[in-house]
Protein chains: 2
Amino acid sequence: MAGEGDMLVRKLASIAVITAEERDALLALPIAVREIPARQDIVRTGDKPVHCCLVMAGLAFRYKLIGDGKRQILNFHVPGDIPDLQSLHLAVMDHNLAALTPLTAGFIPHDAVHDLNARFPCLAGALWRDTLADAAVLRERIVSIGQRDGLSRTAHFMCEMFRRLAAVGLAADCAMALPITQVEIADALGMSFVHVNRMLRELRERRLITLQGQRVLVENWAELEALADFDPAYLHLEARDRPKGI
Amino acid sequence: MAGEGDMLVRKLASIAVITAEERDALLALPIAVREIPARQDIVRTGDKPVHCCLVMAGLAFRYKLIGDGKRQILNFHVPGDIPDLQSLHLAVMDHNLAALTPLTAGFIPHDAVHDLNARFPCLAGALWRDTLADAAVLRERIVSIGQRDGLSRTAHFMCEMFRRLAAVGLAADCAMALPITQVEIADALGMSFVHVNRMLRELRERRLITLQGQRVLVENWAELEALADFDPAYLHLEARDRPKGI
DNA sequence: CGACCCATTGAATATAGTCAACCCGGGTGG
DNA sequence: CCACCCGGGTTGACTATATTCAATGGGTCG
């Protein structure tokens with residue numbers, strides 16, 4: 001039982017100041033926890049979800065398929081994320097949500113969240129902010145795919161994942177666990193998996209990263225970030241980055 | 001004086017059911033109207049805005065610059081859009097907002113919107129939904145840039161702009177005014193302007209569209225949409241697409 | 001008229017995709 | 001037990017899509 005509401009409280013406390021009353025309301029949410037096998041869809045295009053999905057352990061990802069069968073991965077999600085929070089206000093899913101690794105997910109009824117939002121505008125604001133931070137990541141992805149070459153794009157992806165994993169305690173020093181195949185990276189970055197492979201080799205040869213199975217070690221942060229043109233501001237992880245008094 | 005609050009009421013009424021009380025509160029908002037010359041920045045990366053910008057007439061666009069000077073246009077905005085609504089909850093701008101054409105913009109103080117959100121959760125939900133629909137457009141842009149070839153990408157862009165302009169009465173039948181240069185289309189679609197030019201020619205040669213200065217005529221909707229793999233669902237323009245009772 | 005922006009086009013080049021082959025490790029089943 | 005298969009990774013060779021470079025023409029506005 002421990003951990004369901006707790007995780008949500010921790011998450012929102014990292015976004016906004018939570019009162020005792022708000023905390024109690026969060027802990028009272030009826031969260032249904034489920035284990036989901038890797039690579040299984042959780043919500044699909046066209047669905048009209050009545051729950052939101054809180055990632056509690058493992059990684060998830062969202063993707064779209066196009067006519068000729070190609071897949072574009074939109075974003076990956078770390079514990080604490082609520083990848084389909086948008087379904088609160090956009091009834092019909094326009095993309096898919098799936099487990100990347102075996103996943104522990106908490107499902108929260110929309111009704112309960114709407115009720116919470118009406119009673120606690122600050123909580124609503126914190127959730128709203130979460131969807132906005134996700135959009136900020138999408139914007140930077142557009143920049144990467146649209147303007148950066150393969151090498152810079154790959155480097156940028158590594159920088160971003162490291163920061164996001166570190167923010168939830170899943171990366172430290174220079175190491176992160178990144179259980180993602182090169183095909184998935186390719187579908188996320190809009191390049192062929194062969195090219196991803198070559199760019200990773202190039203990053204290795206330049207002594208910027210090393211790969212150990214599903215672990216990535218960053219050997220040279222300064223050069224990696226410079227190559228990637230990486231500025232973490234868009235992740236909106238910093239407390240000072242939040243509006244005051246709301 | 002007419003038009004400032006009116007436009008906002010119309011916009012939100014197209015998203016949610018607005019009560020008389022909510023309508024009055026919207027009309028009481030202190031909106032400062034300003035004319036902005038074409039190509040002028042309105043808000044820049046790093047700014048901490050205290051107003052939101054409502055596009056009342058003309059077109060706007062958002063963009064990011066990267067280290068080597070390249071520009072990625074994230075989205076274009078039509079009248080009724082509030083392109084920087086996200087600044088309500090993300091204090092620091094991570095991109096720029098600029099006028100594409102001469103622009104009539106209404107500036108609404110954040111304080112007033114926060115106050116409104118606290119008093120009227122349904123209005124807050126409608127605004128939230130607006131930011132989510134913007135994110136949906138970003139997602140589809142990622143798919144376009146990541147997976148579609150130049151021709152399909154260009155066709156998709158035309159389909160999207162047509163639908164969005166039509167939704168606010170700026171396109172009808174098969175014609176829309178699209179005062180955008182090929183360089184801007186190129187920066188939005190992540191391709192060179194030379195290639196955009198060639199793809200537009202190809203669309204013309206296939207008799208899918210014709211260009212008349214700043215007007216675009218769609219000659220063959222069925223084929224254009226098929227070529228673009230275009231499904232307007234992601235625009236979330238349909239009323240039936242909205243959750244009920246919120 | 002000249003400057004400038006935008007559009008257009010050809011030619012050369014480059015980046016990235018496709019095709020194909022091979023390796024490795026883990027799981028399965030004969 | 002071992003052969004086989006399969007997913008994931010790696011690499012070379014070839015191809016294609018798209019970029020870059022360069023030159024031109026048509027408007028519009030001081």
Side-chain angles (χ1 to χ4, degrees), chain A residues 37-40 59 61 66 68-73 99-102 144-158 177-205 209-216 227, chain B residues 37-40 59 61 66 68-73 99-102 144-158 177-205 209-216 227:
Chain A
R39 271 77 190 183
Q40 186 170 102
L59 297 180
F61 70 106
I66 68 172
D68 58 7
K70 287 193 280 203
R71 173 179 73 165
Q72 176 67 44
I73 292 182
L100 181 66
T101 65
S144 259
I145 302 180
Q147 303 297 336
R148 293 194 245 265
D149 64 23
L151 191 63
S152 172
R153 206 185 299 179
T154 310
H156 194 279
F157 176 74
M158 290 298 168
L178 197 69
I180 305 183
T181 68
Q182 293 180 1
V183 170
E184 287 152 351
I185 296 175
D187 283 354
L189 300 186
M191 43 206 277
S192 70
F193 71 89
V194 174
H195 200 49
V196 167
N197 183 284
R198 285 195 248 265
M199 295 302 103
L200 289 174
R201 176 171 50 148
E202 173 86 16
L203 291 177
R204 256 182 286 139
E205 285 171 354
I209 65 172
T210 58
L211 304 176
Q212 298 181 342
Q214 303 196 324
R215 291 177 66 76
V216 180
L227 177 63
Chain B
R39 269 78 188 181
Q40 186 169 101
L59 297 180
F61 70 107
I66 68 172
D68 58 6
K70 287 193 280 201
R71 174 180 71 167
Q72 175 68 43
I73 291 180
L100 181 66
T101 64
S144 258
I145 302 180
Q147 304 297 337
R148 293 194 245 265
D149 65 22
L151 191 63
S152 172
R153 207 185 297 180
T154 310
H156 195 279
F157 176 74
M158 290 297 168
L178 198 68
I180 306 182
T181 68
Q182 292 180 2
V183 170
E184 286 153 351
I185 296 174
D187 283 354
L189 299 186
M191 42 206 278
S192 69
F193 70 89
V194 175
H195 200 49
V196 167
N197 183 284
R198 285 194 246 266
M199 295 302 103
L200 289 174
R201 176 173 49 152
E202 173 86 17
L203 291 178
R204 256 181 285 136
E205 284 171 354
I209 63 172
T210 57
L211 303 177
Q212 298 181 344
Q214 303 195 324
R215 291 177 65 76
V216 179
L227 176 63

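Chain naming here is simple, since letters A, B, ... match the order of the sequence lines and numbering starts at 1 in each.
Comparing A:Arg198 and A:Arg204 by the nucleotide of DNA chain D that holds the closest heavy atom to each, the one mapping nearer the 5' end is A:Arg204.
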Item to check | Test side chain to side chain contact (heavy atoms under 4.5 Å, CB included) applied to A:Arg201 and A:Val196, step by step | outcome: CA-CA 9 Å; A:Arg201 176 171 50 148; A:Val196 167; over 6 Å; no
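Between the CE atom of B:Met199 and the P atom of C:dA7 there is a distance of 16 Å, rounded to whole Å. Distance, B:Leu100 CG to C:dC5 C1': 15 Å, rounded to whole Å. One can place NZ of A:Lys70 at 12 Å from C1' of C:dT18, the figure rounded to the nearest angstrom. In this structure, CZ of A:Phe193 is placed 10 Å from C1' of C:dG17, rounded to the nearest angstrom. Atom CD of A:Glu202 and atom C1' of C:dA16 are 14 Å apart (whole Å).
Nearest heavy atom pair, residue B:Gln214 against residue B:Pro179, reads OE1-CB, 3.5 Å. Looking at every heavy atom in both residues, B:Gln147 comes nearest to A:Asp187 through NE2-O, 3.8 Å. The shortest non-hydrogen separation linking A:Leu151 to A:Met199 is N-SD, 3.4 Å. Contact detail for A:Leu189 and A:Gln72: the closest heavy-atom pair is N-NE2, 4.5 Å. The shortest non-hydrogen separation linking B:Ser192 to B:Ala186 is C-CB, 3.7 Å.
Among the nucleotides C:dA20, C:dA16, C:dT8, the one closest to the side chain of B:Asn197 is C:dT8. The side chain of A:His195 lies closest to C:dG17, out of C:dT8, C:dG17, C:dC19.
Proximity of a side-chain donor or acceptor of B:Arg153 to a complementary backbone N or O of B:Arg148 within less than 3.5 Å is detected. Between the side chain of A:Arg39 and the backbone N or O of A:Leu100, at least one donor-acceptor pair lies under 3.5 Å.
When each of A:Thr210, A:Leu203, A:Leu178 is checked for a side chain to side chain contact (heavy atoms under 4.5 Å, CB included) with A:Val216, only A:Leu178 meets the rule.
Regarding contacts with the backbone of C:dT8, every side-chain N or O of B:Arg201 stays at 4.0 angstrom or more from both OP1 and OP2.
Within 4.0 Å of B:Ser192, counting heavy atoms only, lies at least one base atom of the nucleic acid.
For DNA chain D, the outermost nucleotides in 5' to 3' order that have an atom under 4.0 Å from a heavy atom of chain A are D:dG8 to D:dA13.
A heavy atom lying under 4.0 Å from DNA chain D marks the following residues of residues 182-191 of chain B, by number: B:Gly190, B:Met191.
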